[in-house]
Amino acid sequence: MIVTSDLAVSLDGYVAGTDVSPDNPGGDGAEALFEWIHGLASWRERQGMTGGAENRDSELMREWFDATGAVVMGRTMYDLGEEFWGDNPPFRTPVFVLTRRPRPTLVKEGGTSFTFVTDGVHAALDRARAAAGDRNVDIAGGASTVRQYLREGLIDELQLHVVPVLLGAGLRLFDDLGPGRRDLETVRVVHTPLATHLKYRFPR
């Protein structure tokens with residue numbers, strides 16, 4: 001079991017556009033970061049739909065889905081996604097939400113539950129590890145949450161799906177990581193017409 005993070009990112013380093021809101025969860029101009037995923041067979045399966053493209057992009061997404069046994073996310077990501085996900089969210093695993101506002105665990109259809117953790121990133125990761133068994137824990141986002149785990153050195157593998165688009169403004173993944181060099185080992189590079197998929201490992 002390892003801790004991963006898997007994110008779509010623009011060529012100029014943004015994971016969201018400007019003016020993020022519940023009605024605009026990706027921010028202005030960020031549709032291209034996610035629209036390539038929506039036609040993949042593996043993604044459609046997660047939404048309870050049929051059809052879609054069976055290609056290398058879909059294989060990589062299915063690999064990530066199948067390897068993930070629990071998810072950690074920030075409260076902003078939960079708040080932005082709650083209405084969109086509805087009663088049958090695509091995670092199919094326990095999700096641990098970092099928050100300052102406690103609330104009861106929510107159990108949804110399809111194996112997804114949302115547990116709200118108020119005692120920090122380490123506590124959320126410990127609970128996610130216990131729930132994941134021998135599968136991976138994925139730090140889903142948003143960018144602030146991923147940065148917190150990067151600063152603490154708690155992410156083992158980082159997979160970036162670099163989409164050929166320039167957003168020009170928005171939310172950058174690697175801002176405010178703090179001082180200190182962080183070397184990574186390249187695990188895999190896969191180029192397709194939709195994205196360049198980069199997987200890195202943080203050496204221990």
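Just so we're clear, the structure is a prediction, and the values are computed from it rather than from any experiment.
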Work out which heavy atom in [X] is nearest to a heavy atom in [Y]; give both atom names and the distance.
{"X": "A143", "Y": "V15", "value": "CB-CG2, 3.7 Å"}
{"X": "L177", "Y": "R182", "value": "O-NH2, 2.8 Å"}
{"X": "F65", "Y": "R135", "value": "O-NH2, 3.5 Å"}
{"X": "F114", "Y": "P89", "value": "CE1-CG, 3.8 Å"}
{"X": "R56", "Y": "V190", "value": "CG-CG1, 3.7 Å"}
{"X": "P94", "Y": "G69", "value": "CD-O, 3.5 Å"}

(message) Does M1 form a side chain to side chain contact (heavy atoms under 4.5 Å, CB included) with V137? I'd like the steps, not just the answer.
(response) CA-CA 7 Å; M1 188 273 286; V137 174; 4.0 Å; yes
Give, for atom [atom1] of [X] and atom [atom2] of [Y], the distance between the pair rounded to the nearest 0.5 Å.
{"X": "R129", "Y": "L154", "atom1": "CZ", "atom2": "CG", "result": "7.0 Å"}
{"X": "L7", "Y": "D138", "atom1": "CG", "atom2": "CG", "result": "7.5 Å"}
{"X": "D176", "Y": "R151", "atom1": "CG", "atom2": "CZ", "result": "7.0 Å"}
{"X": "I37", "Y": "Q47", "atom1": "CD1", "atom2": "CD", "result": "10.0 Å"}
{"X": "S10", "Y": "L173", "atom1": "OG", "atom2": "CG", "result": "10.5 Å"}
{"X": "L158", "Y": "L160", "atom1": "CG", "atom2": "CG", "result": "4.0 Å"}

Is the closest side-chain heavy-atom distance between [X] and [Y] below 4.5 Å?
{"X": "V72", "Y": "V117", "answer": "no"}
{"X": "L171", "Y": "V20", "answer": "no"}
{"X": "T99", "Y": "T118", "answer": "yes"}

Is a side-chain donor or acceptor of [X] paired with a backbone partner of [Y] at a separation under 3.5 angstrom?
{"X": "R147", "Y": "D175", "result": "yes"}
{"X": "R92", "Y": "D66", "result": "no"}
{"X": "D12", "Y": "G168", "result": "yes"}
{"X": "R44", "Y": "T50", "result": "yes"}
{"X": "S58", "Y": "S42", "result": "yes"}

(request) Would you please test R188 and Q159 for side chain to side chain contact (heavy atoms under 4.5 Å, CB included) and show each step? (result) CA-CA 9 Å; R188 179 175 67 197; Q159 181 159 245; 3.0 Å; yes
(request) Run the salt-bridge test on K108 and E82 with the 4.0 Å N-O cut-off and return the result as yes or no. (result) no
(message) Quick test of your reading of the model: are E59 and R62 salt-bridged, counting only N-O distances below 4.0 Å?
(response) no
(request) Check the pair D156, F202 against side chain to side chain contact (heavy atoms under 4.5 Å, CB included), reporting the backbone distance first and the verdict last. (result) CA-CA 5 Å; D156 300 304; F202 289 91; 6.0 Å; no
(request) Report whether F91 and W64 are members of the same hydrophobic cluster (ILVMFWY, side-chain heavy atoms less than 4.5 Å apart, transitive linking). (result) no
I'd like to know if the side chain of [X] pairs up with that of [Y] as donor and acceptor (distance under 3.5 Å, no hydrogens or angles considered).
{"X": "D6", "Y": "T4", "result": "no"}
{"X": "D57", "Y": "T192", "result": "yes"}
{"X": "T68", "Y": "N136", "result": "no"}

(message) Test side chain to side chain contact (heavy atoms under 4.5 Å, CB included) on M61 and R46; report intermediate values, then the result.
(response) CA-CA 10 Å; M61 294 299 293; R46 281 280 168 144; over 6 Å; no
(request) Go through the steps for E152 and H122 under the test side-chain hydrogen bond (donor to acceptor under 3.5 Å, both in side chains), then give the verdict. (result) CA-CA 9 Å; E152 294 291 327; H122 289 272; 3.3 Å; yes
(request) Have a look at F96 and tell me which of T115, T105, V71 forms a side chain to side chain contact (heavy atoms under 4.5 Å, CB included) with it. (result) T115
(request) Please say whether more than 12 non-hydrogen atoms of neighbouring residues, nucleotides or ligands are located less than 6.0 Å from CD in E185. (result)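 Counting neighbours around CD of E185, more than 12 heavy atoms of other residues, nucleotides or ligands fall under 6.0 Å, so yes.
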(message) I'd like to check the ring pair (Phe, Tyr, Trp, His ring centres under 6.0 Å) partners of F116; sequence neighbours left out, ordered by chain and number.
(response)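 So F116 forms a ring pair (Phe, Tyr, Trp, His ring centres under 6.0 Å) with Y78.
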(request) Scan residues 159-188 for pairs that pass ring-ring contact (aromatic ring centres under 6.0 Å, His included), counting only residues two or more places apart or in two chains. (result) W36-H161, H161-H197
